[in-house]
There are 2 protein chains.
Amino acid sequence: MNTASKLLGISELEQTASILKSVAHPIRLSILQLLVHEGRMSVNSICEILQSEQSLTSHHLSNMKLKGVLESKREGQKVYYSLKMEKMRNLLECIESCMGQ
Amino acid sequence: MNTASKLLGISELEQTASILKSVAHPIRLSILQLLVHEGRMSVNSICEILQSEQSLTSHHLSNMKLKGVLESKREGQKVYYSLKMEKMRNLLECIESCMGQ
DNA sequence: GATGTTTATTAAAATAAGTTAATATTTGTT
DNA sequence: AACAAATATTAACTTATTTTAATAAACATC
């Protein structure tokens, strides 16, 4: 296998980089940790636990939903977010263990 | 273990997010892949393989050097870059295998 | 010391991301 | 229908990142 064949194509690179951007922000990282470890959660609970503003949190949630990382389901007044992209679970675990080193 | 204790503190979150930002860009991602798989490499070789502009490549390289992800060594006219942050090797392997799924 | 190569630096321009505040929407309750 | 609670959306603003082009610096060779 030569060098070139190991490299991803542009669109794969861009897609990967774009997904990684989801994790590369303190608020989004902690939202992801929460959802991976605790499962689905309402926007309000997320705000309370993370002590983050409603609007800002909502923006970050939509951001990740748009990228297919999260999904949401309304139940009455509340909207519950949860992980949609399953590979994010592995990725996050890797990140946690790599960063611990 | 309760929810809060699993969450990282702000400074850890910021540090992690900041390192993840290194990977969260197509050019930097491919530079990292190259260096992880091929070892040290001169700026010129990197540019050629990635078909990226010298100046832009150099900017991304300094960016990652500044964050402690890469290191560089001049040998004659050439400057060789290589991985400095060892945990980046694991992280990148995780990313590659997670993204393949 | 002039010239060519390789890399870094600077500054400007272009683009993107993050934050805030205010308001809108949806649903539930009285 | 009026009101409250939960969330989303919009628009303005701020800040950061990315890209480009031009130039400088470091080294090698002649």
Side-chain angles (χ1 to χ4, degrees), chain A residues 10-11 13-32 34-35 38 40-84, chain B residues 10-11 13-32 34-35 38 40-84:
Chain A
I10 293 183
S11 68
L13 279 171
E14 278 175 355
Q15 222 227 318
T16 301
S18 152
I19 291 169
L20 287 169
K21 270 192 195 168
S22 302
V23 210
H25 184 282
I27 294 182
R28 292 193 301 267
L29 179 55
S30 45
I31 290 175
L32 282 169
L34 252 188
L35 295 179
E38 308 294 321
R40 69 207 292 268
M41 200 166 271
S42 75
V43 178
N44 227 317
S45 311
I46 295 173
C47 292
E48 279 175 9
I49 294 177
L50 303 184
Q51 309 248 64
S52 54
E53 286 296 323
Q54 183 273 316
S55 172
L56 181 53
T57 309
S58 182
H59 279 300
H60 285 299
L61 288 167
S62 337
N63 173 322
M64 292 191 277
K65 187 181 172 183
L66 207 72
K67 283 181 176 168
V69 173
L70 302 183
E71 65 191 347
S72 67
K73 185 168 185 242
R74 162 152 247 148
E75 279 177 22
Q77 292 169 292
K78 300 202 169 175
V79 175
Y80 290 89
Y81 277 83
S82 57
L83 201 64
K84 182 179 188 190
Chain B
I10 292 182
S11 69
L13 280 171
E14 278 173 357
Q15 221 227 317
T16 301
S18 153
I19 290 169
L20 288 170
K21 270 191 195 169
S22 303
V23 209
H25 184 281
I27 294 182
R28 291 192 302 266
L29 179 54
S30 44
I31 291 175
L32 282 169
L34 253 188
L35 296 179
E38 308 294 322
R40 71 206 291 268
M41 197 166 272
S42 76
V43 178
N44 227 318
S45 312
I46 296 173
C47 291
E48 278 175 9
I49 294 178
L50 303 184
Q51 308 246 65
S52 54
E53 286 295 324
Q54 183 274 315
S55 170
L56 182 54
T57 309
S58 182
H59 279 301
H60 284 298
L61 287 168
S62 338
N63 174 322
M64 292 192 278
K65 188 181 172 183
L66 206 73
K67 283 182 177 168
V69 174
L70 302 183
E71 65 191 347
S72 67
K73 184 167 187 242
R74 162 152 247 146
E75 278 176 24
Q77 291 168 293
K78 300 204 170 177
V79 175
Y80 290 89
Y81 276 84
S82 57
L83 202 64
K84 181 179 189 191

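Below, each value reflects all heavy atoms present in this structure, side chains not excepted, and no hydrogens, waters or symmetry copies. Each chain gets a letter, A, B and so on, in the order the sequences are listed, and its residues count up from 1.
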Atom OH of Y80(B) and atom P of dA8(C) are separated, to the nearest Å, by 13 Å
Here the distance between atom C1' of dA16(D) and atom NE2 of H60(B), to the nearest Å, is 14 Å
Of dT26(C), dC27(D), dT19(D), the nucleotide closest to the side chain of R74(B) is dC27(D)
Below the 4.0 Å mark, does dA8(D) have OP1 or OP2 next to a side-chain nitrogen or oxygen of Y81(A)? yes
message: Check this for me: does the side-chain of Q54(B) come within 3.5 Å of the base of dA8(C) through a donor and an acceptor?
response: yes
- Task: Look at K73(A) together with E75(A) and state whether they make a salt bridge at an N to O cut-off of under 4.0 Å.
- Result: yes
For atom NZ of K67(A), decide whether the heavy atoms of other residues, nucleotides or ligands shown that lie under 6.0 angstrom number more than 12. yes
In whole angstroms, the gap separating P of dA4(D) from NZ of K78(A) amounts to 18 Å
dA8(D) OP1/OP2 closer than 4.0 Å to side-chain N/O of S58(A):
yes
Are any non-hydrogen side-chain atoms of N63(B) and R28(B) less than 4.5 angstrom apart? yes
note: H25(B), atom NE2; dA17(C), atom P; distance rounded to Å ~ 10 Å
Check whether any side-chain heavy atom of L32(B) sits under 4.5 Å from a side-chain heavy atom of M64(B), and report yes or no. yes
In short, I31(A) meets H60(A) closest at the heavy-atom pair CD1-CB, 4.2 Å
Ranking R28(A) and V43(B) by the position along DNA chain C of their nearest nucleotide, the one closer to 5' is V43(B)
When rounded to whole Å, the CG to P distance for the pair L13(A) and dT18(D) reads 14 Å
Requested in this report: Describe the nucleic acid contact of H59(A) in one word from base, sugar-phosphate, nothing, applying a heavy-atom distance below 4.0 Å.
Outcome: base
Worksheet item: Would you find more than 12 non-hydrogen atoms of other residues, nucleotides or ligands less than 6.0 Å from E53(B) atom CD?
Response: no
Side chains of L35(A) and S82(A): does their closest heavy-atom pair fall under 4.5 Å?
no
Q) What does T57(B) touch in the nucleic acid at a heavy-atom separation under 4.0 angstrom: a base, only the sugar-phosphate, or nothing? A) nothing
From the candidates dA22(C), dT18(D), dT9(C), the one with an atom nearest any side-chain atom of S55(B) is dT9(C)
Whole-Å distance, N44(A) CG to dA5(D) C1', equals 9 Å
From CD of E14(A) across to P of dT18(D) the rounded distance in Å is 13 Å
Taken to the nearest whole Å, CD/Q77(B) to C1'/dA8(C) is 14 Å
Under a 4.0 Å heavy-atom cutoff, the residues of residues 61-72 of chain A touching DNA chain D are none
